[in-house]
Structure formats: structure tokens, C-alpha cells
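The structure appears right after this line, and notes come after that.
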Amino acid sequence: MHQTPVYYYSSTSNLTRRFAEHLTANDGRPVRDLADAEVRQSEADAPWVLLTPSYKAGNDDQVTLPAAVRAFLRSAVTRRNLVGIIGSGNRNFGRYYQAAARELAELSGRPILFEFELSGTPEDVTRCAEILGELDRALATG
């Protein structure tokens, strides 16, 4: 069965990257790194899922969505094919925890499929892989 790719961005902490790599190790799911200019400048011409960290940590004026994610979402084709969002965050951010995923979900009308803290736990990876498998099956049946 076709696996919906996950496009992700990770800061220098690599917390989100670790989660994405664990998803691939779990079931071979394709992941694409938006830090790579070639990936960021491409278009997602089929259903895809975004995995994004939040950057807003307590300042209402801070940008929430990473610049690489914003750049990738400039394409109408890419935006149209987005089917869900996975959020990474830090509970120390208080009310801004998962701000990027939640704001993007509201703006795009796409669901948040899963949220986790920092680089997630093995249980988080397993549960997220299960949810993505359910999404793959749903997309396959139309």
C-alpha cells in the first residue's frame, strides 16, 4: 500500500528530525526534510502530511511557523495536497504549546493527526505510525 510521505522541518536541536527518522524506521514511511533546499522548492503533487515544530515560546509577536515550512507552503499545489498535520512542541511554551500546528490547522482546514513533545517517546512514534497507516488506508479507498 502507498504510504503518504511526511515532510518535516527540524531546527538545529534535531528533535523533530529524530521523530521523523523513527517513523521511517518503524514502517519505512518516506520522510522529506524541508531544510533541504531542493525538497523545500519542490511541490507535493500528491497527498502529504506536515510535521512541524512550533517556535512561539511566549511572545505574541514571534513567528510560529518555521520559515522553511512557510516557503514550502507558498505553492498552491502543495497546500491543496496537504491532508494533515503532526505537531512537535515543548510544554514549557505554555499556551503556545503546539501553536504552529494548531494555527496551520485552523488556517488550512486540515486536521491535526498527532501531537508530541520534544522528540517524542517510542510509544508516540508507534501511535503516530498507526494513525498514518489509518490515513493511508482511508486515502487508498477514496
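By convention here, the first residue in the shown sequence is residue 1. This one's a predicted model, so the numbers in the text were calculated from it and none came from an experiment.
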| request: Please examine the side chains of Ile85 and Leu51, heavy atoms only from C-beta on, and report whether any two atoms are closer than 4.5 Å. | output: no
| said: Quick check: do Ile86 and Ile131 have side-chain heavy atoms less than 4.5 Å from each other? | reply: no
| task | May I ask you to decide if Asn90's main-chain N or O and Glu117's side chain share a donor-acceptor pair within less than 3.5 Å? | result | no
| remark: When rounded to the nearest 0.5 Å, the distance separating CZ of Arg29 from CD of Gln3 is 4.5 Å
| task | Spell out, yes or no, whether Val6 and Tyr9 are grouped together once hydrophobic residues are joined by side-chain heavy atoms under 4.5 Å, including indirect joins. | result | no
| query | Do Arg40 side-chain atoms and Ala35 backbone N/O form a donor-acceptor pair below 3.5 Å? | reply | yes
| Nearest-0.5 Å distance, CG of residue Asn26 to CZ of residue Arg127 | 12.0 Å
| message | Going by ring pair (Phe, Tyr, Trp, His ring centres under 6.0 Å), name the residues that satisfy it together with Phe114, two or more places apart in sequence or in a different chain. | response | none
| remark: For Ala129 and Leu23, the nearest pair of non-hydrogen atoms, with its separation, is N-CD2, 3.9 Å
| task | Kindly indicate whether the side chain of Phe72, heavy atoms from C-beta on, has any atom under 4.5 Å from the side chain of Ser42. | result | yes
| task | Group every Ile, Leu, Val, Met, Phe, Trp and Tyr by side-chain heavy-atom contacts under 4.5 Å, then state whether Leu34 and Leu82 land in the same group. | result | yes
| Among pairs that include at least one residue of residues 1-26, which meet salt bridge (Lys or Arg N to Asp or Glu O under 4.0 Å), considering only residues two or more places apart or in two chains? | Arg17-Asp33
| field | Pairwise side-chain contact, Val31 with Tyr8, heavy-atom cut-off 4.5 Å (strictly under) | value | yes
| query | Would a 4.5 Å heavy-atom cut-off, applied to side chains only, mark Leu132 and Cys128 as touching? | reply | yes
| message | When you group the ILVMFWY residues by side-chain heavy-atom contacts below 4.5 Å and let the links chain together, are Val49 and Phe19 in the same group? | response | yes
| request: List for me each residue that meets salt bridge (Lys or Arg N to Asp or Glu O under 4.0 Å) alongside Arg110, sequence neighbours excluded, and say none if there are none. | output: none
| query | Side-chain heavy atoms under 4.5 angstrom apart, residues restricted to Ile, Leu, Val, Met, Phe, Trp, Tyr: same cluster for Leu65 and Val39? | reply | yes
| field | Student check: side-chain heavy atoms of Ile112 and Arg102 closer than 4.5 Å | value | yes
| request: Measure the OG-OH distance between Ser54 and Tyr96 for me, rounded to the nearest 0.5 Å. | output: 12.0 Å
| Side-chain heavy-atom pair Ser10, Pro53 within 4.5 angstrom cut-off | no
| field | Residue pairs fulfilling side chain to side chain donor-acceptor pair (under 3.5 Å) with at least one residue in residues 71-82, sequence neighbours excluded | value | Glu43-Ser75, Ser75-Thr78
| remark: One should read off an interatomic distance between Asp124 CG and Thr121 OG1, to the nearest 0.5 angstrom, of 3.0 Å
| task | Would you mind reporting whether His2 and Asp136 have side-chain heavy atoms less than 4.5 Å apart? | result | no
| task | Treating Ile, Leu, Val, Met, Phe, Trp and Tyr as nodes and any side-chain heavy-atom pair under 4.5 angstrom as an edge, say whether Val83 and Leu73 lie in one connected cluster. | result | no
| field | Side-chain (Gln98) to main-chain (Glu115) donor-acceptor, under 3.5 angstrom | value | no
| Leu15: which other cluster members, linking ILVMFWY side chains closer than 4.5 Å, directly or transitively? | Leu118
| query | Considering residues at least two apart in sequence or located in another chain, which fulfil the side-chain hydrogen bond (donor to acceptor under 3.5 Å, both in side chains) criterion with Glu38? | reply | none
